[in-house]
> 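Structure below; questions to follow.
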Amino acid sequence: MESLTGKTALVTGGSRGIGLAVACALVADGARVVVTGRSASHLSAARGVIDGSGAGAVETVEADVRRYEDVQRLVATAVARFGGLDILINNAGIGILADMSPSDWAQVIDTNLTGVFYACHAAIPELRRRGGGFIINISSLAGKNAFPSAAAYCASKSGLNAFSEALMQEVRYDNIRVSYVMPGSVATGFSGREGMTGADWKVSPAEVAEVVVNLLRHPARSLPSRVELRPTRPPRK
């Protein structure tokens with residue numbers, strides 16, 4: 001996509017953190033964006049941040065990617081509001097970094113992996129109707145570098161990586177490109193932790209968003225199908 005002007009994107013988990021930064025970057029580059037989240041108050045605050053000029057380039061939808069009917073409604077909203085869908089950014093994710101119950105396990109897997117499948121399943125027919133498009137899945141370096149007390153999170157991201165690789169090969173001849181981005185330590189409020197406090201060394205959400213926009217604008221002849229993004233100078237152990 002040489003230009004994002006007039007393109008329509010769906011960003012899951014777009015009310016805070018990486019998703020919010022991605023939505024802002026897309027709108028700044030001329031795209032129209034449907035942003036999802038589970039908190040009405042967070043979505044309301046995000047709308048003003050994303051579309052500060054009031055140009056009407058943003059639609060916010062309260063939804064849970066773990067429910068397929070919610071995901072179908074999201075895609076239908078994008079089509080009804082902006083006439084179609086060109087870009088899907090699967091960003092919604094959670095991590096429970098402690099002892100897990102079976103319900104904790106299900107919550108992480110259903111959000112980080114099954115929710116991505118739901119979104120792709122609902123969005124791909126619309127991308128095909130537009131003659132192609134782009135799917136970018138926000139994964140994590142935890143998908144290849146497992147660490148203690150995060151078994152479900154690491155497993156979900158590892159599964160997301162494999163899903164992205166397979167999907168890329170399945171839809172490439174529909175002119176649908178699939179990439180996944182694997183950030184390392186990012187300065188967000190993930191898992192209830194403080195965001196930027198004492199985290200100057202971490203990757204910023206805006207830096208992840210810049211990678212996403214660069215992927216979307218990459219020449220169509222080739223595909224950077226996986227991007228690993230790390231802090232340049234993390235603390236020495």
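This structure is a prediction, so every number in the text was calculated from the model and none was measured.
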> Side-chain contact test, heavy atoms from C-beta onward, threshold under 4.5 Å: evaluate it for His218 versus Leu223 and give yes or no.
no
> Do you know the tightest heavy-atom contact between Ala152 and Ile109?
O-CD1, 3.8 Å
> State, with a plain yes or no, whether a side-chain heavy atom of Met182 is found less than 4.5 Å away from one of Lys157.
no
> Using modelled atom types only, decide if a donor and an acceptor are shared between the side chain of Arg47 and the backbone of Val58 within a distance under 3.5 Å.
yes
> Ala9 and Leu26: which non-hydrogen atoms are nearest, and at how many Å?
CB-CD1, 3.7 Å
> Other than Tyr173, what residues sit in its cluster of Ile, Leu, Val, Met, Phe, Trp and Tyr side chains whose heavy atoms are under 4.5 Å apart, directly or through others?
none
> List the residues meeting side-chain contact (heavy atoms from CB on, under 4.5 Å) with Ser185, not counting sequence neighbours, and say none if there are none.
Trp201, Lys202, Pro231
> Does any part of the side chain of Arg66, heavy atoms only, come nearer than 4.5 Å to the side chain of Arg38, both counted from C-beta?
yes
> For residues Cys24 and Val49, determine if any side-chain heavy atom of one lies less than 4.5 Å from a side-chain heavy atom of the other.
yes
> Among residues at least two apart in sequence or on other chains, which ones pass side-chain hydrogen bond (donor to acceptor under 3.5 Å, both in side chains) with Arg67?
none
> Where do Ala31 and Ala57 come nearest, in terms of heavy atoms and distance?
O-CB, 4.1 Å
> Grab the two heavy atoms, one from Gly159 and one from Leu113, that are nearest each other, plus how far apart they are.
C-CD1, 3.7 Å
> Nearest 0.5 Å, what's the CD-CD1 distance between Glu126 and Ile124?
11.5 Å
> Which residues pass the ring-ring contact (aromatic ring centres under 6.0 Å, His included) test with Tyr180, sequence neighbours left out?
none
> Under the side-chain hydrogen bond (donor to acceptor under 3.5 Å, both in side chains) test, which residues partner Ser225, sequence neighbours left out?
none
> State, yes or no, whether a side-chain contact exists between Leu10 and Leu85 at a heavy-atom distance under 4.5 Å.
yes
> Just list the side-chain donor-acceptor pairs under 3.5 Å for residues 69-79, sequence neighbours left out, or say none.
residue	atom	partner	partner atom	Å
Asp70	OD2	Asp64	N	2.9
Arg73	NH2	Glu62	O	3.3
Thr77	OG1	Arg73	O	2.8

> Suppose we screen for side-chain contact (heavy atoms from CB on, under 4.5 Å). Which residues come up paired with Phe82, at least two apart in sequence or across chains?
Thr8, Arg32, Val34, Glu59
> For a quick test of your reading: what N or O donor-acceptor pairs under 3.5 Å do the side chains of residues 205-214 make, sequence neighbours left out?
residue	atom	partner	partner atom	Å
Glu207	OE1	Ser204	N	2.8
Glu207	OE1	Ser204	OG	3.4
Asn214	ND2	Glu210	O	3.3

> Is it true that Phe163 and Val181 fall in one hydrophobic cluster, defined by side-chain heavy atoms closer than 4.5 Å?
yes
> From Thr36 OG1 over to Ile89 CD1, what is the distance, rounded to the nearest 0.5 angstrom?
12.0 Å
> Are the side chains of Asp29 and Arg217 in touch, meaning some heavy atoms are under 4.5 Å apart?
yes
> Pick out which of Thr111, Val61, Val65 makes a side chain to side chain contact (heavy atoms under 4.5 Å, CB included) with Thr12.
Val65
> Show me the donor-acceptor pairs, under 3.5 Å and distance only, between side chains in residues 130-141 and residues at least two apart or in other chains.
residue	atom	partner	partner atom	Å
Arg130	NE	Asp86	OD1	3.0
Arg130	NH1	Gly83	O	3.2
Arg130	NH2	Asp86	OD2	3.0
Asn137	OD1	Asn90	ND2	2.8
Asn137	ND2	Ser164	OG	2.8
Ser139	OG	Asn161	OD1	2.6
Ser140	OG	Ala142	N	3.0

> Residues in salt bridge (charged side-chain N to carboxylate O under 4.0 Å, His left out) with Asp104, at least two apart?
none
> With sequence neighbours excluded, tell me which residues meet side-chain contact (heavy atoms from CB on, under 4.5 Å) with Ser44.
none
> When you measure from the side chain of Ser179 to the backbone of Pro224, do you find a donor-acceptor pair of N or O atoms at a distance under 3.5 Å?
yes
> Taking all non-hydrogen atoms of both residues, which atom of Leu216 and which atom of Arg177 are closest, and how far apart?
O-NH2, 3.9 Å
> According to a hydrophobic-cluster definition based on side-chain heavy atoms being under 4.5 Å apart (Ile, Leu, Val, Met, Phe, Trp, Tyr only), do Leu167 and Ile87 belong together?
yes
> Specify the closest pair of heavy atoms between Tyr68 and His121, including all atoms of both residues, with the distance to one decimal.
OH-ND1, 2.6 Å
> Tell me every residue that passes side-chain contact (heavy atoms from CB on, under 4.5 Å) with Thr5, counting only those two or more places apart in sequence or in another chain.
Ser3
